[in-house]
K.L.:
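Submitted below is the structure of interest, expressed as structure tokens.
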Amino acid sequence: MGRKLDPTRKEKRGPGRKARKQKGAEVELAKFLPLGKPICFDIPVHPSEVECGPIVWPFSATRFLNCLFVCFEDDSEGEEQRSRPSLGQKEEEDTDLQLNVDIDEQFMLPSSEEIQKENILSFTTFVACEPPDNMEVLKDFRNKREEGRARQEYLVLLHQDLVAYYSYSDFLLEKLMEIFPLPELVNFLEANEVPRPMTIRTNTLKTRRRDLAQALINRGVNLDPLGKWSKTGLVIYDSSVPIGATPEYLAGHYMLQGASSFLPIMALAPQENERILDMCCAPGGKTSYIAQLMKNTGVILANDSSAERLRSVVGNLHRLGVTNTVVSNCDGRQFPKLMGGFDRVLLDAPCSGTGVISKDPAVKTNKDEKDVLRCAHLQKELILSAIDSVNAASETGGYIVYCTCSIMVEENEWVVDYALKKRNVRLVPTGLDFGQEGFSRFKDRRFHPSLKSTRRFYPHTHNMDGFFIAKLKKFSNAIPKVQKDEEPAIEPASQEPAPEPTSEPQSKRRKLERSKVAKGKKMQRPASKGSSLQKLGRASKSARPSPRTLGTRPNSRKKHKMHQSGQ
């Protein structure tokens with residue numbers, strides 16, 4: 001490095017590589033400096049170091065890099081140093097800054113032109129911003145609102161801002177605004193942007209939670225117990241090995257399962273030596289948990305309508321060592337015709353998935369009102385089928401647990417209230433100590449008061465997926481009859497025919513005829529089947545029949561039908 005010595009002359013042969021690099025750097029830096037202008041530094045520069053020429057370069061490159069403050073001054077200013085602000089000026093600046101902080105800026109609603117410009121910009125560019133400011137106005141609307149503005153205007157603007165910021169569809173965000181209060185709504189939307197913690201369930205058929213936790217800690221897994229409410233769950237914070245490929249997982253010592261999926265089985269509370277139906281069982285996590293609590297006794301019928309999803313069920317049951325389960329592929333709506341008499345039934349109904357948005361962000365935009373109503377109709381059919389599959393005379397059971405991973409009222413309380421009207425069931429406590437109560441009233445609809453015993457779980461309050469759980473107790477196997485004012489229930493094939501709408505007018509006509517007979521008029525003798533057919537043919541060709549014949553024909557038909565039934 002540097003200049004080398006000539007071995008013969010013992011003299012330096014010129015600038016070395018380091019010096020040439022330094023000189024090249026000075027030339028490159030000089031290209032970016034203005035011509036003919038001196039440079040002022042906070043560090044002193046000796047006048048001998050300044051050279052006059054077309055490029056003013058008063059110092060070396062290393063000195064330039066060590067300088068912290070560089071300022072350019074015009075020739076007219078000369079070599080005057082920059083005056084520093086006095087102490088009084090600093091105090092004035094501090095007071096002005098404090099005043100600016102203390103002033104509470106009032107939120108003003110934008111005009112229609114400004115909203116249109118923002119919408120145009122939102123299609124072209126995306127700017128990361130904070131949640132809407134008008135949320136603060138809505139919290140204290142009386143004091144912070146703008147004069148002459150209605151609350152609905154702020155709500156419309158908030159709806160537009162939330163749709164743009166969180167990328168939800170108009171339909172879904174409108175439904176969420178109906179379910180949650182405004183401060184809680186933002187917390188729910190924020191929680192959906194963060195994935196839920198990974199949880200596993202210990203398979204007590206093969207190991208204990210203490211032994212499993214110690215084995216995973218030895219492999220570099222950071223974990224903790226899930227909570228006081230669960231004796232088998234573990235929450236995984238981070239891991240140096242893949243959780244789904246450890247020797248313990250392959251040996252069936254645990255199952256990857258969300259925390260919210262523990263709750264339906266805890267509400268079902270299966271007992272040993274019972275017959276239990278899991279109507280929608282895939283991928284098998286809840287089924288294996290039922291077998292674990294039953295200690296591989298009794299019989300579990302794991303059913304699912306998708307044959308492809310049943311492959312994962314069979315694989316998990318074999319890996320976890322479950323031996324009391326029979327897997328079937330059948331439509332759950334037709335199940336009572338095939339088999340019944342179960343002690344307990346678990347129905348994890350297919351739903352819109354609005355409680356698992358953190359796992360599937362596509363739910364934000366690909367669900368509309370038709371999808372929700374379609375799911376609700378299917379859920380009503382399935383819950384009636386689940387109730388019909390339970391034996392009300394069971395000594396230990398007679399329970400149905402209905403659950404969904406949705407927070408929509410149409411898929412939860414609405415479906416359970418429908419089942420209460422159509423079958424002889426009642427709601428009982430779920431046995432879960434936490435969770436929010438279900439809705440007994442929502443907007444203009446009023447549900448059964450016992451729906452408060454159902455439970456709702458949200459990601460922003462319980463740090464688990466959105467879930468709904470209801471527990472029903474069947475007290476009679478009889479199916480109640482359908483009333484005229486209610487919707488027709490989804491009944492089995494053997495259903496009684498509805499009464500004819502012409503029964504009331506016929507009874508009135510008979511009373512009129514009896515009153516005429518009491519006055520002394522002769523009543524015609526009932527005609528036979530052949531004569532009545534002849535009279536009907538003549539009446540169609542000739543004039544309109546008299547009221548007397550209209551009153552006699554229904555009587556003759558009724559007697560004829562009664563005679564046939566007697567035979």
Side-chain angles (χ1 to χ4, degrees), residues 264 267-268 270 274-281 299 301 303-305 328 330-351 373-404 410-430 438 440 445-451 453-454 468-501 503 565:
L268 186 66
E274 284 187 340
R275 297 180 63 202
I276 296 181
L277 169 65
D278 188 357
M279 191 167 283
C280 303
C281 65
V299 177
L301 185 59
N303 178 74
D304 201 275
S305 60
S328 66
C330 177
D331 188 357
R333 294 170 292 184
Q334 307 296 329
F335 212 87
K337 299 179 181 179
L338 303 176
M339 189 179 299
F342 292 95
D343 297 314
R344 301 171 195 259
V345 173
L346 173 65
L347 175 58
D348 185 8
C351 60
L373 295 178
R374 190 182 303 113
C375 289
H377 181 72
L378 175 61
Q379 290 156 0
K380 290 177 181 178
E381 293 179 329
L382 288 173
I383 194 172
L384 294 185
S385 177
I387 294 172
D388 294 339
S389 301
V390 172
N391 182 17
S394 174
E395 297 179 358
T396 59
Y399 295 100
I400 304 99
V401 170
Y402 173 80
C403 60
T404 63
E410 291 83 356
E411 301 180 71
N412 297 327
E413 285 87 354
W414 203 335
V415 176
V416 176
D417 186 70
Y418 176 84
L420 293 175
K421 295 177 181 178
K422 300 302 178 183
R423 293 294 186 270
N424 293 320
V425 293
R426 64 173 180 268
L427 282 168
V428 295
T430 58
S440 59
R445 296 193 65 87
R446 300 294 179 267
F447 303 119
H448 198 274
S450 62
L451 277 165
S453 62
T454 61
F468 174 83
I469 299 175
K471 187 174 183 179
L472 300 165
K473 168 67 175 177
K474 187 176 182 181
F475 56 86
S476 176
N477 290 325
I479 298 176
K481 296 182 180 180
V482 184
Q483 298 180 4
K484 298 179 182 179
D485 299 337
E486 296 180 357
E487 301 175 357
I490 304 166
E491 302 286 350
S494 60
Q495 187 176 359
E496 296 181 0
E500 297 181 359
S503 59
S565 61

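Computed from a predicted structure; not experimentally measured. Note that these values count all heavy atoms, side chains included, but never hydrogens, waters or copies made by symmetry.
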K.L.:
Give the ring-plane orientation class for Tyr402 versus Phe468, where under 30° counts as parallel, over 60° as perpendicular and anything between as tilted.
P.N.:
perpendicular
K.L.:
Go through the steps to decide whether Glu274 and Thr396 satisfy the test side chain to side chain donor-acceptor pair (under 3.5 Å), and finish with yes or no.
P.N.:
CA-CA 8 Å; Glu274 284 187 340; Thr396 59; 2.5 Å; yes
K.L.:
Measure across Leu427 and Val416 and return the closest heavy-atom pair with its distance rounded to 0.1 Å.
P.N.:
CD2-CG1, 3.9 Å
K.L.:
What pair of heavy atoms forms the shortest contact from Ser389 to Pro336, and how long is it?
P.N.:
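Closest approach of Ser389 to Pro336, heavy atoms only: OG-CG, 3.8 Å.
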K.L.:
Taking Lys474 for the side chain and Val390 for the main chain, is one N or O donor matched with an acceptor at less than 3.5 Å?
P.N.:
yes
K.L.:
Does the side chain of Cys280 reach to within under 4.5 Å of the side chain of Leu347, using non-hydrogen atoms?
P.N.:
yes
K.L.:
Are the side chain of Asn424 and the backbone of Phe475 linked by a donor-acceptor contact shorter than 3.5 Å?
P.N.:
no
K.L.:
So, for Cys403 and Ile469, which heavy atoms are closest and what is the spacing to 0.1 Å?
P.N.:
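Heavy atoms of Cys403 and Ile469 come nearest at CB-CG1, 4.2 Å.
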K.L.:
Give the minimum heavy-atom separation between Glu410 and Val415, together with the two atoms involved.
P.N.:
O-CG2, 3.5 Å
K.L.:
Any chance you could lay out the side chain to side chain contact (heavy atoms under 4.5 Å, CB included) test for Ser385 and Met279, step after step, and finish with the verdict?
P.N.:
CA-CA 9 Å; Ser385 177; Met279 191 167 283; 4.0 Å; yes
K.L.:
For a quick test of reading the model, state the closest non-hydrogen atom pair linking Asn477 to Ala393 and the distance between them.
P.N.:
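Distance-wise, the nearest heavy atoms are ND2-N, 4.3 Å.
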K.L.:
Is there side-chain contact between Asp343 and Asn391, with at least one heavy-atom pair below 4.5 Å?
P.N.:
no
K.L.:
I need the minimum non-hydrogen distance between Ser453 and Thr430, along with the two atoms involved.
P.N.:
O-CG2, 3.8 Å
K.L.:
Taking the side chain as every heavy atom from C-beta outward, state whether Val425 and Leu420 have any atom pair closer than 4.5 Å.
P.N.:
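The answer is yes, as the side chains (C-beta and beyond) meet within the 4.5 Å cut-off.
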K.L.:
With the side chain counted from C-beta on, respond yes when Leu378 and Pro350 share a heavy-atom pair under 4.5 Å apart, and no when they do not.
P.N.:
yes
K.L.:
Could you tell me if the side chain of Arg423 sits less than 4.5 Å from the side chain of Ile383, heavy atoms only?
P.N.:
no
K.L.:
Does the pair Thr454 and Phe447 meet the rule for a side chain to side chain contact (heavy atoms under 4.5 Å, CB included), with working shown?
P.N.:
CA-CA 12 Å; Thr454 61; Phe447 303 119; over 6 Å; no
K.L.:
Is there a side-chain contact between Arg426 and Leu472 in this structure, where contact means two heavy atoms from C-beta onward sitting under 4.5 Å apart?
P.N.:
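No, side chains not in contact.
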K.L.:
For Leu268, does its backbone N or O pair with a side-chain atom of Arg344 as donor and acceptor, under 3.5 Å?
P.N.:
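It does hold such a pair.
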K.L.:
Answer yes or no: is there a donor N or O on one side and an acceptor on the other, between the side chain of Lys473 and the main chain of Val428, under 3.5 Å?
P.N.:
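Side chain of Lys473 to backbone of Val428: no pair is present.
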